[in-house]
Amino acid sequence: MMAVVTVFLLANFAGRNIYRLTFVEKLVTTALSPVEALVARMTYGLQSVTTSTGQLFVVYRDNQALREQIDQLKQNELNVTEIMAENLRLRTMLDYKKSAPQFDFVTAAVIARDPGAWTNIMIINKGSNDGLAKDMPVVTPQGLAGNVVQVFSSTAKVQLILDPRSAVGSLIQRPESRVAAIVEGNSAKPLSPHMVNLSRDADIIRGDKVITSGFGGIYPKGLLVGEVTDIVNEEGGLLKYAVLNPAVDFDRLEEVQVIVRSREPVPVLPNPAAPVNPEQNPGQAVKGTGQ
């Protein structure tokens, strides 16, 4: 009997505890629900921020990589453009070399120009080791640039035809003219050399081409110097001069060709008439006297 009562009491107590635990759980759950929701939102927000930060880092890294690729592509494009431009210039020089078999050339690059004398002197990257010597003509496929004035082992100094100290024996190419004179640089207008000491009645007109005459022994005959753009009468005299537009674009000069050997015949100036010696040629003397 006593055992039955004990079992009943235990069962009853256990049943009440189960009910109370369930009620407490419900109470706790109800009280903590807002907190749990807030914690959940904060956790989700933190995860979102972490995810967004990671995504931003990835986007930034990809953006930097794309920028580097774009910069590299731009540099490659510049390199290709520069190579194409250089190839075109060198091909033009090669064509000129083929068209002038009477000359042996050494191709050189312009490596320096004096800022204070930009139109007067330039330095090229070839010298005596490459066969260069003083007074050798310097040309481009467009025409005459100047001549070598000083030579070192691996470089040389070139005086341009724009230098006022320069003097180039020249003539008008037009068959009806063939007027010969000197072309020299003009300090007042460095890019406009003058053909000087022309008589007032010299047959020269705008548009005439001016070439080297070959006189003087430095420049071979036939190199294009420039084109006549104006003719000016000098004040108080019987002379005039012609203003030239040079054949060479000196502002864009990057490579040149040095003529190290010329097979062009050198023109010979006619000797002035020698005085007649009557004792050597009496007949000619008498004839001359008779005129």
Side-chain angles (χ1 to χ4, degrees), residues 108-125 132-152 155-173 177 179-259:
V110 178
I111 58 174
R113 295 178 76 164
D114 186 354
W118 183 264
T119 57
N120 296 349
I121 300 293
M122 68 182 183
I123 307 298
I124 57 177
N125 67 343
L132 271 60
K134 188 176 181 295
D135 291 337
M136 286 183 172
V138 179
V139 300
T140 74
Q142 290 71 41
L144 179 65
N147 70 289
V148 176
V149 293
Q150 193 171 6
V151 182
F152 307 96
T155 60
K157 184 180 293 187
V158 176
Q159 182 184 56
L160 304 180
I161 64 171
L162 304 178
D163 193 325
R165 298 166 296 181
S166 173
V168 181
S170 306
L171 58 83
I172 301 299
Q173 189 180 37
S177 173
V179 171
I182 298 296
V183 171
E184 60 184 28
N186 175 25
S187 57
K189 294 183 178 180
L191 295 179
S192 300
H194 291 173
M195 192 174 190
V196 298
N197 298 330
L198 298 167
S199 63
R200 285 287 181 95
D201 60 352
D203 182 11
I204 181 170
I205 58 176
R206 291 181 178 88
D208 273 342
K209 302 292 184 182
V210 179
I211 61 174
T212 52
S213 63
F215 300 137
I218 294 180
Y219 304 107
K221 185 178 181 180
L223 301 175
L224 183 61
V225 178
E227 180 179 325
V228 176
T229 59
D230 196 12
I231 301 167
V232 180
N233 291 325
E234 296 183 5
E235 296 181 1
L238 301 177
L239 300 177
K240 63 183 178 182
Y241 65 86
V243 181
L244 305 186
N245 179 33
V248 174
D249 187 351
F250 290 95
D251 286 336
R252 301 171 61 185
L253 204 56
E254 296 183 67
E255 292 92 12
V256 295
Q257 291 172 292
V258 182
I259 300 178

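The structure displayed is predicted, hence computed values, not measured ones.
Partners of A247 under the side-chain contact (heavy atoms from CB on, under 4.5 Å) rule, at least two apart in sequence or in another chain, are L224. Here D135 pairs with nothing under the salt bridge (Lys or Arg N to Asp or Glu O under 4.0 Å) rule; sequence neighbours left out. The side-chain contact (heavy atoms from CB on, under 4.5 Å) check on D251 picks up W118, L191, D249, with sequence neighbours excluded. Looking at residues two or more places apart in sequence or on another chain, you find no side chain to side chain donor-acceptor pair (under 3.5 Å) involving N245. The side chain to side chain donor-acceptor pair (under 3.5 Å) test applied to E184 returns no partner, not counting sequence neighbours. T155 pairs by the side chain to side chain donor-acceptor pair (under 3.5 Å) definition with nothing, not counting sequence neighbours. A search for side-chain contact (heavy atoms from CB on, under 4.5 Å) contacts involving V248 returns T140, F250, L253, not counting sequence neighbours. Under the side chain to side chain donor-acceptor pair (under 3.5 Å) criterion, S199 pairs with D201, not counting sequence neighbours. Every residue two or more places apart in sequence or in another chain that forms a salt bridge (Lys or Arg N to Asp or Glu O under 4.0 Å) with K209 is listed here: E227. With sequence neighbours excluded, the residues that form a side-chain contact (heavy atoms from CB on, under 4.5 Å) with N186 are A188, K189, H194.
A distance of 7.5 Å separates CG of L162 from CG of N120, quoted to the nearest 0.5 Å. The structure places OG of S213 at 6.5 Å from CD1 of I182, a figure rounded to the nearest 0.5 Å. Distance check, rounded to the nearest 0.5 Å: CD1 of I161 to OG1 of T119 gives 11.0 Å.
Considering only heavy atoms from C-beta on, V228 comes within 4.5 Å of V210 through its side chain. With contacts defined as side-chain heavy-atom distances shorter than 4.5 Å, the pair P246/Q142 does not qualify. For the pair V258/I124, a side-chain contact is recorded, criterion being any heavy-atom separation below 4.5 Å from C-beta on.
In terms of heavy-atom proximity, I218 sits nearest to N147 at CG2-CB, 4.2 Å. Of all non-hydrogen atoms in V225 and L144, the two that sit nearest each other are CG2-CD2, 4.3 Å. Contact between G146 and Y219 at its shortest, heavy atoms only, is O-CE2, 3.5 Å.
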- Please test M122 against V256 for side chain to side chain contact (heavy atoms under 4.5 Å, CB included), starting from the C-alpha separation and ending with a verdict. CA-CA 11 Å; M122 68 182 183; V256 295; 3.7 Å; yes

- Check against side chain to side chain contact (heavy atoms under 4.5 Å, CB included), V110 and I123: CA-CA 6 Å; V110 178; I123 307 298; over 6 Å; no

- Item | Candidate pair R113 and L160, rule side chain to side chain contact (heavy atoms under 4.5 Å, CB included), full reasoning | CA-CA 11 Å; R113 295 178 76 164; L160 304 180; 3.6 Å; yes

- side chain to side chain contact (heavy atoms under 4.5 Å, CB included) between V139 and I259, intermediate numbers included: CA-CA 7 Å; V139 300; I259 300 178; 4.0 Å; yes

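Within the 3.5 Å criterion, the main-chain N or O of P220 finds a donor-acceptor partner in the side chain of T212. A donor-acceptor pair under 3.5 Å is formed between the side chain of N125 and the backbone N or O of A109.
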When the side chains of residues 163-170 are checked against the rest of the protein, which donor-acceptor pairs come out under 3.5 Å, sequence neighbours left out?
{"residue": "D163", "atom": "OD1", "partner": "R165", "partner atom": "N", "Å": "2.9"}
{"residue": "D163", "atom": "OD1", "partner": "R165", "partner atom": "NE", "Å": "3.1"}
{"residue": "D163", "atom": "OD2", "partner": "Q159", "partner atom": "NE2", "Å": "3.4"}
{"residue": "D163", "atom": "OD2", "partner": "R165", "partner atom": "NE", "Å": "3.2"}
{"residue": "D163", "atom": "OD2", "partner": "R165", "partner atom": "NH2", "Å": "2.6"}
{"residue": "S170", "atom": "OG", "partner": "V168", "partner atom": "O", "Å": "3.1"}

Pairs of donor and acceptor atoms involving the side chains of residues 231-244, under 3.5 Å and at least two apart or interchain, shall be tabulated with distances.
{"residue": "K240", "atom": "NZ", "partner": "R200", "partner atom": "O", "Å": "3.2"}
{"residue": "K240", "atom": "NZ", "partner": "A202", "partner atom": "O", "Å": "3.0"}

